[in-house]
Number of protein chains: 2
Amino acid sequence: MKRVTIKDISKHLLLSTSTVSRALTDDKNIRKETREKVLEAAKELGYKPNPSALNLKSGKSNSIGVIVPEMITPFSSKILEGIQNVLSGSKFRVIVAQSNENPETERTNLLMMEEFRVDGIIINLCHETYNHKLYQEILDRGTPMIFFDRIPPSNLDVPKVLVNDQSTSTTMVEHLISTGKKRIVNLMGPKTIRNAIQRADGYKKALYKYKLFDDDLVIETEGTSFIHAKEAMKRLIEKGVVFDAIFAFTDSLAIGAMNYLLEKKYRIPEDVAIASFSGTELSQMVFPPLSTVEQPLVEMGETAVELLLEKIKNPTSKNRFVQLKPELIFRRSTIAQQSHQK
Amino acid sequence: MKRVTIKDISKHLLLSTSTVSRALTDDKNIRKETREKVLEAAKELGYKPNPSALNLKSGKSNSIGVIVPEMITPFSSKILEGIQNVLSGSKFRVIVAQSNENPETERTNLLMMEEFRVDGIIINLCHETYNHKLYQEILDRGTPMIFFDRIPPSNLDVPKVLVNDQSTSTTMVEHLISTGKKRIVNLMGPKTIRNAIQRADGYKKALYKYKLFDDDLVIETEGTSFIHAKEAMKRLIEKGVVFDAIFAFTDSLAIGAMNYLLEKKYRIPEDVAIASFSGTELSQMVFPPLSTVEQPLVEMGETAVELLLEKIKNPTSKNRFVQLKPELIFRRSTIAQQSHQK
DNA sequence: TTGAAAGCGCTAACAG
DNA sequence: CTGTTAGCGCTTTCAA
């Protein structure tokens, strides 16, 4: 019941606590046999270091805060998997908080992380600018922050990791064009998210190139849930816009749009092809499965921690900006199959 | 940059640290004006207590460990939302770990939580019995544990929270029967999960009642992902089993089965109706949307923390077993709509 | 009502 | 190579 401390070991072995500490910390100033004796006793007595004591001493909390906008989709889950890959077995623990797409909640989470004295924060924003000042303040007060996926504007000099939204979007939209589609909608997500704009830019580039662009084809959604996509599709159709394909900001939006269309008896992809951008299991969980830009999410998580550990070790290190390479996956939502009855 | 400590306040005010501490901890042995003076100075200087120091003193870590089998589906996300609802603004922080449906990883996570000296653990098992001994050991060593959703066998006396799997399953299956279905498959999930068996029992009860039971209709899956459902469906069909409805253990399994059938040109629900059990957004994200037993997941998370806080406050308190009431939601996957062209 | 001092578990500077 | 001592930030006796 009572935890074994370094003192217990020292009493047991008739040594001083400092000697025990030295053995445990692999200090050079100790005789080999002594160290071994201590290590053995530690194991025997079931000694586990007390993190609070370590933390008090070092002034660090040995924990890393991860703040994500949501955990409804498997997106954040994948990121966390990457983070845990790197951190498991290390002294660091992971504290997770969700902002529920609400910048005020994000603010609370950030302040909470600071109070907990986390050694660093890894964050995926839910609004591009809302908490901009706070990010700067936290950085100034000495907590390193790494941004991934939805990052702040470039006037904030911080380490970042994401995929190249723009050029990948262009490629995906070109794929749609290559299948013969001419009226491609961009279901672009909210303008308050940087990536939505980036991906829209990539989309535009492709459409300009093939002289297919039309303002009516770009439609903003109020949020990122599948419900927002349904609303947007409704608006679009009521407005009388004709379209034969959709390029959506995320899997959730693509799915919302697809379900709305299926309900209205559209055939996918014959009447309307759908492509999305994300890389979560969701794209394979719907029918027909979605063509999508698959981001290397686990790797993104891993990279984010690595950038953070770098910053923790050397706070004055240069702020790196890592771009990962996504993969384009083509599935049934954009490629018709020859039909055959069951 | 440097954190403000209680000492800084004491120097600033020419008081002793103990007085400052008293003011901050709402001790009665302090003059009102002194307290106010201290509080004001604390605010002015931007004082934030150092959790590590508190923890070292109290021997507690003021953190709560949450261990979930997966975060691919929004299930755990909802639970975490409930947990954060109760805990936000409290002194407790939440440490999350995923077991990836692997009992060995679960074991590692449990030991990690113990090393971190969490004040308690909230856990959703990934295997009914694998780590049974370890649960008991951790409890014996003094860390309270609350189990939710997938709970251990009843010979482990611990607080638990879940919904009534069995009787709710019966009701849902009776719904399928009421729509005229006679050959209802139970896609039951792995037998190593208690709830799978419970739900199967509920299913059987309904089928016995209406004399519809047939051993061939019960099919176990190897795991809980949508891929396992596809495999199971394939096996079932190859075996030549005739069926007109499916009752699935979870949303993921229901979705996997549905997609497999849609691919094979079955009509849902006309050829095969599908009902599931879970309560995540997933059931609404597919087409047709799934009829499902919607569990109050946020509430489940809230209840779990409350049970835990109770145990933390009073370790000898009786182990409560809370059953929450789920809601049956009927959607298009079991109820055909009159068809009309777009 | 306040201050001085001890101590939570651990590390590290300083002696020996 | 090992022991003594101080101190991280805070709470809590014990005295005053």
Side-chain angles (χ1 to χ4, degrees), chain A residues 1-39 41-42 45-63 91 93 114-119 141-142, chain B residues 1-39 41-42 45-63 91 93 114-119 141-142:
Chain A
M1 181 77 208
K2 207 186 145 288
R3 312 281 186 169
V4 181
T5 74
I6 210 171
K7 211 168 161 183
D8 297 320
I9 303 181
S10 75
K11 257 187 268 176
H12 184 80
L13 257 38
L14 304 172
L15 282 169
S16 76
T17 55
S18 18
T19 306
V20 176
S21 170
R22 280 192 195 97
L24 262 18
T25 51
D26 246 345
D27 195 293
K28 67 218 85 196
N29 294 321
I30 191 166
R31 209 175 42 190
K32 211 170 167 187
E33 301 100 74
T34 319
R35 184 190 13 251
E36 274 157 17
K37 213 165 56 182
V38 172
L39 259 31
L45 300 178
Y47 169 77
K48 299 272 167 59
N50 181 332
S52 300
L54 270 324
N55 297 343
L56 178 56
K57 195 99 254 277
S58 63
K60 316 259 78 192
S61 72
N62 286 327
S63 52
K91 60 180 180 174
R93 53 176 166 255
E114 217 184 2
E115 278 214 43
F116 286 159
R117 304 265 209 288
V118 294
D119 297 272
R141 271 174 263 167
Chain B
M1 182 74 208
K2 209 188 144 288
R3 312 282 186 171
V4 181
T5 73
I6 211 172
K7 211 168 162 184
D8 296 319
I9 303 180
S10 76
K11 255 187 267 177
H12 184 79
L13 258 37
L14 303 173
L15 282 168
S16 76
T17 56
S18 12
T19 307
V20 176
S21 170
R22 283 190 193 99
L24 262 17
T25 51
D26 246 345
D27 194 292
K28 67 218 89 198
N29 294 321
I30 191 166
R31 211 175 42 191
K32 210 172 168 185
E33 302 100 74
T34 318
R35 190 203 352 262
E36 274 157 18
K37 214 165 55 181
V38 171
L39 259 30
L45 299 178
Y47 169 77
K48 300 271 168 57
N50 181 332
S52 300
L54 271 326
N55 297 343
L56 178 55
K57 197 99 256 276
S58 63
K60 316 259 78 193
S61 72
N62 286 326
S63 52
K91 60 179 181 176
R93 52 177 168 258
E114 216 184 4
E115 278 215 41
F116 286 160
R117 305 267 208 289
V118 294
D119 296 274
R141 274 175 252 157

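Just so it is clear, the structure is predicted and the values come from calculations on it, not from any experiment. In what follows, every chain begins at residue 1, and chains take the letters A, B, ... in the order their sequences are listed.
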Salt bridge flag under 4.0 Å for residues D26(A) and R35(A): yes
Evaluation steps, side chain to side chain contact (heavy atoms under 4.5 Å, CB included), between L39(A) and L24(A): CA-CA 7 Å; L39(A) 259 31; L24(A) 262 18; 3.7 Å; yes
Side-chain touch R93(A)/S63(B), heavy atoms, less than 4.5 angstrom: no
Minimum heavy-atom distance I30(A)-D27(A), with the two atoms named: CG2-O, 3.3 Å
Near-strand residues of residues 29-36 of chain A, defined as heavy-atom separation under 4.0 angstrom from DNA chain D: N29(A), I30(A), R31(A), T34(A)
CA sep, side-chain torsions, deciding dist, call: E33(A), K37(A), side chain to side chain contact (heavy atoms under 4.5 Å, CB included): CA-CA 6 Å; E33(A) 301 100 74; K37(A) 213 165 56 182; over 6 Å; no
N/O (side chain, T19(A)) to phosphate O (OP1/OP2, dG3(D)) under 4.0 Å: yes
Separation of dC8(D) C1' from K60(A) NZ (nearest whole Å): 14 Å
Intermediate values then yes/no, side chain to side chain contact (heavy atoms under 4.5 Å, CB included), K91(A) and K60(A): CA-CA 11 Å; K91(A) 60 180 180 174; K60(A) 316 259 78 192; over 6 Å; no
Test log, rule side chain to side chain contact (heavy atoms under 4.5 Å, CB included), inputs T5(B) and N50(B): CA-CA 8 Å; T5(B) 73; N50(B) 181 332; over 6 Å; no
B/S/- contact track for nucleotides 7-16 of chain C, protein heavy atom under 4.0 Å: BBBBBBB---
Residues which pass side-chain hydrogen bond (donor to acceptor under 3.5 Å, both in side chains) with S52(A), listed by chain and number, not counting sequence neighbours: none
Spacing of K11(B) atom NZ relative to dG3(C) atom P, expressed in whole Å: 15 Å
